[in-house]
Structures are given as C-alpha cells and as structure tokens.
Amino acid sequence: MDVLTKRIVVLAGDGIGPEVCGEAVRVLKAVAQRFGHHFTFEHQLMGACAIDATGVPLPDATLDACHRADAVLLGAIGDPKYDHDPTAKVRPEQGLLALRKSLGLYANIRPVTAYEQLIDASPLRPDRIAGTDMLIFRELTGGVYFGEKGRLPDGTAFDNCTYNREEIARIAHRAFQAAQGRRRKLTLVDKANVLETSRLWREVIQSIAPEYPEVAVDYLFVDNAAMQLILNPKQFDVILTENMFGDILSDEASVIAGSLGLLPSASIGDAAALFEPIHGSYPQAKGKGIANPIAAILSAAMLLDHFGLPDEACAVRDAVENALNEQVLTPELNPTTRYTTEQVGSFIAYGVLDLKDCKFHQSNIRVGMSTII
Ligand code: IPM
Ligand code: MG
C-alpha cells in the first residue's frame with residue numbers, strides 16, 4: 001500500500017464552518033492513522049473572519065497557501081452582518097469567488113443521494129425519491145457570477161452573463177466522463193429558448209457528444225428541470241449546467257437527501273481542488289453543537305478520491321453509512337437523542353478505524369468519483 005504525504009489547507013470560515021470542518025479533519029486524521037498516510041493541516045482565514053482580522057475576505061497568505069496545497073478543505077463562509085447592507089464594499093462571498101477563479105476551479109460536482117435510512121426525513125414522497133443517485137456538474141468560474149457588473153449613470157444595474165466555447169467544453173468533458181462511469185445519461189440544463197449563452201452550451205455539447213457515443217444526452221430547460229427534480233428525481237444521472245442554474249438546482253436537490261447538512265461537493269480545476277459542503281455558514285447554529293458534520297465529512301471523502309485513495313474514501317463513506325444506520329445523527333435528523341456535531345464526527349472517525357468491510361466499493365458514487373476527480 002502506498003503511503004502518501006499530502007498538504008491540506010483548511011479554511012474553516014464562518015458560522016458553523018469551524019465546527020463541521022473540525023469533524024472532517026478528525027475523520028481525515030483517522031484515515032491517516034488507519035492507512036499510514038501523512039496529512040498536514042494548515043489553517044488559514046477566508047470569509048468574514050478574514051475581513052474581521054485583516055480587512056479583506058481573501059488575504060494573500062491564504063491564497064498563496066491554497067496555491068501550494070494538494071487540496072483545500074473549506075467549511076462555510078458568510079455572516080448576516082453583510083447580507084442586509086447592499087452598499088457594503090467588502091463581503092465574505094467575494095473571497096470564495098476570487099479563490100475559485102484564482103485556483104481555476106471550473107467544475108463543481110455535487111452528488112445527491114436519497115439515503116434509505118433517511119427516506120422519511122425528506123418532505124417529498126418516499127416512493128418518488130427512493131433510489132435517487134445523481135451528480136450535478138455546475139460550472140463554477142463563469143457566467144453571470146463573473147461577468148461585468150455595475151451601475152449606469154441613470155441608476156440601472158447590470159450583471160452580464162458570458163461563456164466561451166472553451167469554458168463550456170472543459171466541464172462538459174468531465175461530465176461526459178463521469179456519465180460513462182455511471183448510468184451513461186447526461187442532461188444539459190439550460191434556458192436555450194431565451195438565452196444566447198444557453199444556445200452556445202447546446203452547440204458545444206452537441207459537438208462533443210459524438211466522442212461519447214455510449215452516453216445518452218438530453219436537454220431540459222431550467223424551469224422544467226426545477227420541476228422534474230421534485231417530480232421524478234430518479235430520471236437523472238449526470239446533470240450538467242451553468243453556474244447560476246447549478247447553484248439554485250443543487251440547493252433544491254438537497255431536499256431529496258433530507259437535509260442540506262448531508263450534501264458534499266468538490267470543486268476541481270486542472271491544477272487545484274477544493275472540497276466543501278454545499279450548505280452555508282448557518283450563523284444561528286454557531287457554537288451550539290447542532291450543525292450536521294456529514295456534508296463536510298463526505299466532502300473529505302471526495303478529497304480522498306481526488307488523492308487517488310478509493311479505499312480510504314470508501315472507509316469514510318461506510319462509517320457515515322454506519323452513523324445513518326445507528327441513527328447517530330444531529331437533531332435536524334434525529335431530534336430524540338440530541339447527538340452533537342462532535343459526537344457524530346467522533347462516531348464516524350471511530351467507524352473509519354473500526355469498520356473494515358468496504359461496502360461502497362461497488363457503488364456508483366465511488367466509481368463515478370474516482371474517474372472524474
Ligand atoms: C454555493 C454558495 C455560493 C455560491 C455563495 C456563498 C457565493 O451558495 O457554493 O452554492 O453562490 O456559489
Ligand atoms: Mg449555493
């Protein structure tokens with residue numbers, strides 16, 4: 001077995017970020033212990049905590065450290081004190097967007113699974129969601145998030161949405177490759193009946209599709225996709241979409257899993273990778289020990305896939321599965337026992353050390369991940 005040495009930069013961030021990140025690090029330490037790897041963890045500031053300490057959301061020291069790292073693990077960023085001031089000049093979110101851009105993290109991958117054990121935690125009907133297993137590929141460094149924005153002299157505001165062929169093609173290839181390793185279906189979500197950028201997405205996807213003849217491609221307008229996600233989520237395998245649509249649809253899709261606190265993500269570029277839960281900083285829960293660490297821990301599993309460590313990633317997913325089976329879960333999923341963030345994280349870390357049968361080896365999620373991250 002190869003022993004790896006890896007440098008992980010941890011951006012714990014704001015709100016519940018430090019709590020959930022702490023548990024993901026605990027689990028990674030358990031992985032290092034069981035498999036004999038050397039992981040180092042370097043903590044840096046990003047988000048509101050960085051603004052408080054340095055005046056900027058992404059200090060140079062943080063950016064440099066992230067560029068040097070083998071991977072970045074992020075908790076969450078954001079603070080309500082910035083949300084209600086439309087004139088604020090600095091915002092925590094600027095740090096995250098600048099980091100994504102600077103590291104070239106163009107592909108954001110968000111797996112959505114309906115866990116059998118939590119099927120009743122979703123407000124959606126169990127028969128509709130049981131068996132859901134999809135990967136959302138969200139473009140992360142283009143579109144309206146990064147287009148020119150501003151105000152005109154007459155007070156009008158604008159946010160431009162632009163995409164070029166290359167930006168579309170590079171994520172499309174990753175999405176097709178992921179589909180090849182899964183159920184071989186790719187759905188492009190766009191608004192091609194209205195938007196020129198969406199028509200370019202269709203053109204590029206149609207020109208790439210012949211390179212992946214075994215993958216069935218279909219096209220959905222985003223409004224319809226929002227409805228289909230709730231009506232019949234099982235129809236989806238890989239969803240490919242642009243930045244803003246992916247942001248919205250992935251929060252919507254989290255309802256299928258039963259809690260926003262369960263969904264991990266990987267943001268991948270050609271030279272860097274960052275792993276973070278899809279949830280936000282949930283400031284109301286800060287310091288209360290009620291935040292679900294599973295999204296952060298499953299993000300750490302994706303980080304292990306990225307390091308080329310499928311057995312290690314599998315050990316983490318099995319330990320999470322064990323926590324679900326034993327109902328060792330935070331109060332939003334199990335209100336009766338009131339396990340804390342730390343108790344759930346520790347239970348999963350012990351699971352990594354104790355559970356030796358790797359059940360997830362055959363799962364679509366693992367196969368899909370290891371081929372794309
Ligand atoms: C996400 C978040 C971010 C985004 C925010 C915090 C800028 O909602 O990662 O989904 O919109 O991309
Ligand atoms: Mg979002």
Side-chain contact, heavy-atom cut-off 4.5 Å: [X] with [Y]?
X: N322; Y: D354; value: no
X: N292; Y: T341; value: no
X: P111; Y: M302; value: yes
X: N243; Y: Y163; value: yes
X: C66; Y: L11; value: yes
X: K101; Y: L97; value: no
X: N108; Y: I268; value: no
X: T241; Y: E139; value: no

Hey, does the side chain of [X] reach the backbone of [Y] with a donor-acceptor pair shorter than 3.5 angstrom?
X: S198; Y: K191; value: yes
X: S102; Y: A98; value: no
X: T132; Y: I129; value: yes
X: R183; Y: F236; value: yes
X: Q94; Y: R91; value: yes
X: Q343; Y: T340; value: yes
X: R138; Y: I248; value: no
X: D14; Y: G78; value: yes
X: T113; Y: Y115; value: no
X: K234; Y: A130; value: yes

Any side-chain donor near an acceptor of the partner, [X] and [Y], under 3.5 Å:
X: E321; Y: Q117; value: yes
X: E332; Y: T330; value: yes
X: S254; Y: D251; value: no
X: H279; Y: S259; value: no
X: D64; Y: T62; value: no
X: N160; Y: T162; value: no
X: D159; Y: Y145; value: no
X: R110; Y: S250; value: yes

Under-4.0 Å salt bridge between [X] and [Y]:
X: R182; Y: D237; answer: yes
X: R317; Y: D305; answer: yes
X: R174; Y: D270; answer: yes
X: R26; Y: E342; answer: yes
X: E276; Y: R100; answer: yes
X: E19; Y: K288; answer: no

For R338, does the CZ atom have more than 12 heavy-atom neighbours from other residues, nucleotides or ligands under 6.0 Å away?
->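 No - once you tally the heavy atoms of other residues, nucleotides and ligands closer than 6.0 Å, there are 12 at most.
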Does a sphere of radius 6.0 Å around CD in Q235 hold more than 12 heavy atoms from other residues, nucleotides or ligands, not counting ones at 6.0 Å or beyond?
->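 Count over threshold, so yes.
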Sole residue of V238, L240, L220 in side-chain contact (heavy atoms from CB on, under 4.5 Å) with T187 |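 Answer after filtering V238, L240, L220: L220.
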Using links of under 4.5 Å between side-chain heavy atoms of ILVMFWY residues, direct or through other members, which residues join L152 in one cluster?
->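 Besides L152, the cluster holds F158.
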Connected-component partners of V90 among ILVMFWY, side-chain separation under 4.5 Å =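 Taking Ile, Leu, Val, Met, Phe, Trp and Tyr as members, V90 shares its hydrophobic cluster with I51, Y82.
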Please check if [X] and [Y] belong to a single hydrophobic cluster, counting links between Ile, Leu, Val, Met, Phe, Trp and Tyr side chain heavy atoms closer than 4.5 Å.
X: F245; Y: V204; value: yes
X: I136; Y: I205; value: yes
X: M244; Y: L188; value: no
X: L28; Y: Y350; value: no
X: V344; Y: V20; value: no

State whether F39 and K29 meet the cation-pi test: NZ (Lys) or CZ (Arg) under 6.0 Å from the six-membered ring centroid, and within 45° of the perpendicular axis.
->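 Geometry flag: not set, cation outside 6.0 Å or 45°.
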If the plane angle is over 60° it's perpendicular, under 30° parallel, otherwise tilted; pick one for F176 and Y212.
->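 Ring orientation of F176 relative to Y212: parallel.
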Mind checking whether H37 and F307 have ring centres under 6.0 Å apart?
->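 Ring-ring flag for H37/F307: false, centres at least 6.0 Å apart.
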